[in-house]
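Scroll down for the structure; my scribbles are underneath it.
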Amino acid sequence: PTKPLARVFHGSLGGSAVCERNFAHLRGDARHFQPFSPAVFRPFSSRMPDPKILETFPNPAPQRDYLIEHTHHEFTSVCPMTGHPDFANITVRYVANKTCVELKSLKLYFHAYRNEGIFFEAATNQICDDLGRALQPRELTIISDWKARGGFTSRITASWTTKRKK
């Protein structure tokens, strides 16, 4: 006998009561299906990717404003509602101040989202906040282009600005 789909996701992604309830309809037990409610929402895991993964190196031309753009085509996270994988292209666009991000560490940071139950908007803003704190850039924009699911594509754009001293 095969495991119910909900248990497969439960075991491999850290578990979620919401996931278990929402997969009840796949087992033919629709009376236990509960739509999303912020009061009961819990992501698959309580740990988020650690921003300490991000490594930096000195900006080779700090006297000049120049645009650095990196696009990661293999970003994956998990829908916190259904447990289905979400795929995106993540573009990091910034003007460095004193430091630049090292690409292997950026890749490892992005891959750490692989099993995280997180909404598109939350992932984009978390990446923006983590990179902003790590780099302290002059400018930073994160653009996430999410692949189609259910007939929708989504693009989320988040910008980071330094706090200005008064």
At their closest point, which heavy atom of [X] faces which heavy atom of [Y], and how far apart are they?
X      : Y      : value
Pro62  : Asn97  : CB-O, 3.8 Å
Pro51  : Tyr109 : CA-CE1, 4.2 Å
Thr76  : Pro85  : CG2-CB, 4.4 Å
Cys100 : Leu135 : C-CD2, 3.6 Å
Ala158 : Cys128 : O-SG, 3.7 Å

Is it true that, when you exclude Lys147 itself, more than 12 heavy atoms of the residues, nucleotides or ligands shown sit nearer than 6.0 Å to its NZ? yes
Decide if atom CZ of Phe152 counts as having more than 12 heavy atoms of other residues, nucleotides or ligands within a radius under 6.0 Å. no
With hydrophobic residues grouped by side-chain heavy-atom distances under 4.5 Å, do [X] and [Y] end up in a single group?
X      : Y      : value
Phe87  : Phe119 : no
Ile143 : Ile68  : no
Phe57  : Tyr66  : no
Leu140 : Val95  : no
Leu103 : Ile53  : yes

Passes side-chain contact (heavy atoms from CB on, under 4.5 Å), Thr91 versus Thr71? Steps please. CA-CA 4 Å; Thr91 300; Thr71 302; 3.2 Å; yes
Under a 3.5 Å cutoff, is there a donor and acceptor pairing between the side chains of Asp86 and Tyr113? no
May I ask you to check whether Asp130 and Gln126 show a side-chain donor-acceptor distance below 3.5 Å? yes
For a 4.5 angstrom cut-off between non-hydrogen side-chain atoms, does [X] reach [Y]?
X      : Y      : result
Arg93  : Leu67  : yes
Thr141 : Tyr94  : no
Thr157 : Ile142 : no

Please report the C-alpha distance between Ile156 and Glu121 in whole Å, then the side-chain angles of each, then the deciding distance to 0.1 Å, and finally whether the side-chain contact (heavy atoms from CB on, under 4.5 Å) criterion is met. CA-CA 6 Å; Ile156 314 298; Glu121 299 83 357; 4.1 Å; yes
Looking only at the aromatic ring of each residue, does the gap between the centers of Trp146 and Phe75 stay below 6.0 angstrom? yes
Look up atom [atom1] in [X] and atom [atom2] in [Y], then write down how far apart they are to the nearest 0.5 Å.
X      : Y      : atom1 : atom2 : result
Glu55  : Leu106 : CD    : CG    : 11.0 Å
His72  : Ile90  : NE2   : CD1   : 8.0 Å
Arg155 : Ser144 : CZ    : OG    : 9.0 Å

Are Val101 and His70 close enough, and set up right, to give a side-chain contact (heavy atoms from CB on, under 4.5 Å), and what steps lead you there? CA-CA 10 Å; Val101 69; His70 304 299; 4.2 Å; yes
Do any N or O atoms from the side chain of Ser105 and from the backbone of Leu54 form a donor-acceptor pair under 3.5 angstrom? no
Tell me whether Glu116 contacts the main-chain N or O of Ile118 through its side chain, where contact means a donor paired with an acceptor under 3.5 Å. no
Take His84 and Arg149 through the side-chain contact (heavy atoms from CB on, under 4.5 Å) test and state the conclusion after the steps. CA-CA 10 Å; His84 294 152; Arg149 210 153 43 91; 3.6 Å; yes
